[in-house]
2 protein chains.
Amino acid sequence: MSESLKEDISKRIRFEQFKKGELVHNADLICTKSYFIQDGILRTYFLKDGKEISEYFCSEGEWINSPRSFMQRKKDIYYIDAIENTDVYCLDVNDLLFLFDHYPEMERYSRLSMGTLFGHLIERITSLRFTTAREKYEHFCQTYHDVNHRIPLGMIASYLGISQETLSRVRAKR
Amino acid sequence: MSESLKEDISKRIRFEQFKKGELVHNADLICTKSYFIQDGILRTYFLKDGKEISEYFCSEGEWINSPRSFMQRKKDIYYIDAIENTDVYCLDVNDLLFLFDHYPEMERYSRLSMGTLFGHLIERITSLRFTTAREKYEHFCQTYHDVNHRIPLGMIASYLGISQETLSRVRAKR
DNA sequence: TAATCTTTTTGATTTAAATCAAAAGAAATA
DNA sequence: TATTTCTTTTGATTTAAATCAAAAAGATTA
């Protein structure tokens with residue numbers, strides 16, 4: 001990464017803090033920012049039949065946004081909230097596009113990190129098809145073992161597409 | 001797209017044909033090619049407990065490969081086979097990397113099309129969590145309605161993570 | 001510290017879908 | 001065209017997980 005790019009990024013990112021339970025992004029708005037987590041956990045979720053369904057969790061060292069809203073500049077169904085008090089650096093979509101336009105290496109970085117993210121999504125799809133609740137949870141533990149016990153049981157259950165009672169019983173049997 | 005890029009691409013892609021049921025990519029090998037479908041349907045699948053589990057289907061106008069194998073140059077669990085007699089244009093990973101190195105616009109094209117693909121995967125995850133078999137199939141019909149009846153029932157069932165008997169009954173009730 | 005609210009666990013019952021089994025219908029092959 | 005093979009449908013039974021209900025445990029606030 002070139003010096004001028006580093007400088008340009010640091011000029012554009014801004015530090016922000018969110019309290020536990022606070023809404024980071026509201027689905028009523030277009031998501032114009034991407035958040036890099038310094039400390040804490042953020043969650044993406046959407047509403048189905050009035051209930052919150054967790055989509056994914058991000059912790060230290062990861063970027064989070066509402067992907068389609070951010071990339072396609074339109075509204076989407078996803079909310080983002082803070083599971084713990086969380087410190088982030090945020091980058092506006094316009095600044096990101098500026099960086100894409102001025103630094104070809106940014107395009108490349110983006111392509112490569114998309115590839116990784118892509119892999120995660122495929123893993124996720126595979127795990128959702130494992131039929132039993134136990135297998136789903138096992139898979140969750142593998143991918144999220146570091147944050148497993150920092151996330152409330154009910155949120156994990158909706159992420160896995162199983163009821164909280166079932167998840168509680170699955171955990172009890174380990 | 002610049003003329004020289006167009007020319008460079010057409011010099012590098014090669015026409016190939018596969019018979020119905022033929023293996024396009026074997027999971028024992030690294031996937032070094034990406035296939036653009038001109039006519040027909042290709043399927044990605046993997047084996048679980050000796051059974052084929054369909055991962056996704058691609059038809060006319062779409063690109064298919066074994067993503068992690070192709071992008072990270074390592075073996076992965078996915079096979080690709082032909083559901084119908086299929087005509088494709090194929091592009092080697094080295095040629096693609098050459099194009100990335102020589103045409104910044106290729107990086108951009110890749111980034112944008114990844115964004116779309118990303119959206120599809122998120123849709124997919126959402127649909128897999130819809131609890132009932134009927135809802136899963138409804139969602140499949142929306143995204144794959146044009147190829148729905150060109151794909152055998154059993155393959156759709158494994159794609160959705162439900163049994164073929166259940167899918168047959170779901171269909172009967174429509 | 002008590003009181004309230006939230007989250008998790010435990011128990012009983014119901015239900016959707018899996019499994020087992022076999023017949024019917026299509027497609028491929030001789 | 002008949003025969004074999006593969007795919008889909010239908011029926012009976014079982015099972016995993018949802019739902020309903022309530023208690024226990026853990027947080028948060030007064």
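Numbered from 1 within each chain, the chains take letters A, B, ... in sequence-line order. As the structure is a prediction and not an experimental result, all values here were calculated from the model.
- Atom pair A:His149:NE2 and C:dT8:C1' shows a separation of 13 Å (rounding to whole Å applied).
- Each of C:dT8, C:dA18, D:dA17 was ranked by its minimum atom distance to the side chain of A:Ala133; first place goes to D:dA17.
- Exactly one residue among A:Tyr45, A:Tyr144, A:Tyr56 makes a ring pair (Phe, Tyr, Trp, His ring centres under 6.0 Å) with A:Tyr159. That residue is A:Tyr144.
- When each of D:dT10, C:dT10, D:dA17 is scored by its nearest atom to the side-chain atoms of B:Ser168, the top-ranked nucleotide is D:dT10.
- For A:Lys20 and D:dA27, the shortest distance from a side-chain N or O to OP1 or OP2 is not below 4.0 Å.
- Here A:Arg171 lies out of heavy-atom contact (under 4.0 Å) with every strand.
- A:Ile162 comes within 4.0 angstrom of sugar-phosphate atoms only, judged by non-hydrogen atoms across all strands, and of no base.
- Formation of a donor-acceptor pair under 3.5 Å by the B:Ser110 side chain with backbone atoms of B:Arg108 is not found in this model.
- Here A:Thr166 does not reach the OP1 or OP2 of D:dA17: none of its side-chain N or O atoms lies under 4.0 Å away.
- Between B:Ile83 atom CD1 and C:dA27 atom P the separation is 16 Å, expressed in whole Å.
- When each of B:Thr132 and A:Pro152 is assigned the nucleotide of DNA chain C bearing its nearest heavy atom, the one mapping closer to the 5' terminus is A:Pro152.
- Rounded to a whole Å, the NZ atom of A:Lys51 is 16 Å from the C1' atom of C:dT6.
- The side-chain contact (heavy atoms from CB on, under 4.5 Å) test with B:Phe18 singles out one residue from B:Val88, B:Ile83, B:Asn85, B:Asp87, and that residue is B:Val88.
- For A:Arg150 and C:dT7, the CZ to P distance is 18 Å, given to the nearest whole Å.
- Comparing C:dT10, C:dT19, C:dA17 by their nearest atom to the side chain of A:Glu165 picks out C:dT10.
- Here C:dT7 presents its C1' atom at 15 Å from CD1 of A:Ile151, a figure rounded to the nearest Å.
- For B:Leu153, the listed nucleotide lying nearest its side chain is D:dT8; candidates were D:dT8, C:dA17, C:dT9.
- In this entry the distance linking CD of B:Gln164 with P of C:dA17 reads 16 Å, nearest Å.
- Closest to the side chain of A:Arg169, from the set C:dG11, C:dA17, C:dT8, is C:dG11.
- When the C1' atom of D:dT9 is taken as reference, atom CD1 of B:Ile156 falls 15 Å away, rounded to whole Å.
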Is there a side-chain contact (heavy atoms from CB on, under 4.5 Å) between A:Tyr79 and A:Arg43 once you walk through the steps?
-> CA-CA 8 Å; A:Tyr79 296 80; A:Arg43 167 182 77 136; over 6 Å; no
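- Note: B:Phe15 and B:Tyr89 meet the aromatic proximity criterion, with ring centroids under 6.0 Å apart.
- The distance between atom NZ of A:Lys136 and atom P of D:dA16, rounded to the nearest whole Å, is 14 Å.
- Contacts of B:Gly161 with the nucleic acid, taken as non-hydrogen atoms under 4.0 Å apart, involve only primed sugar atoms and P, OP1 or OP2.
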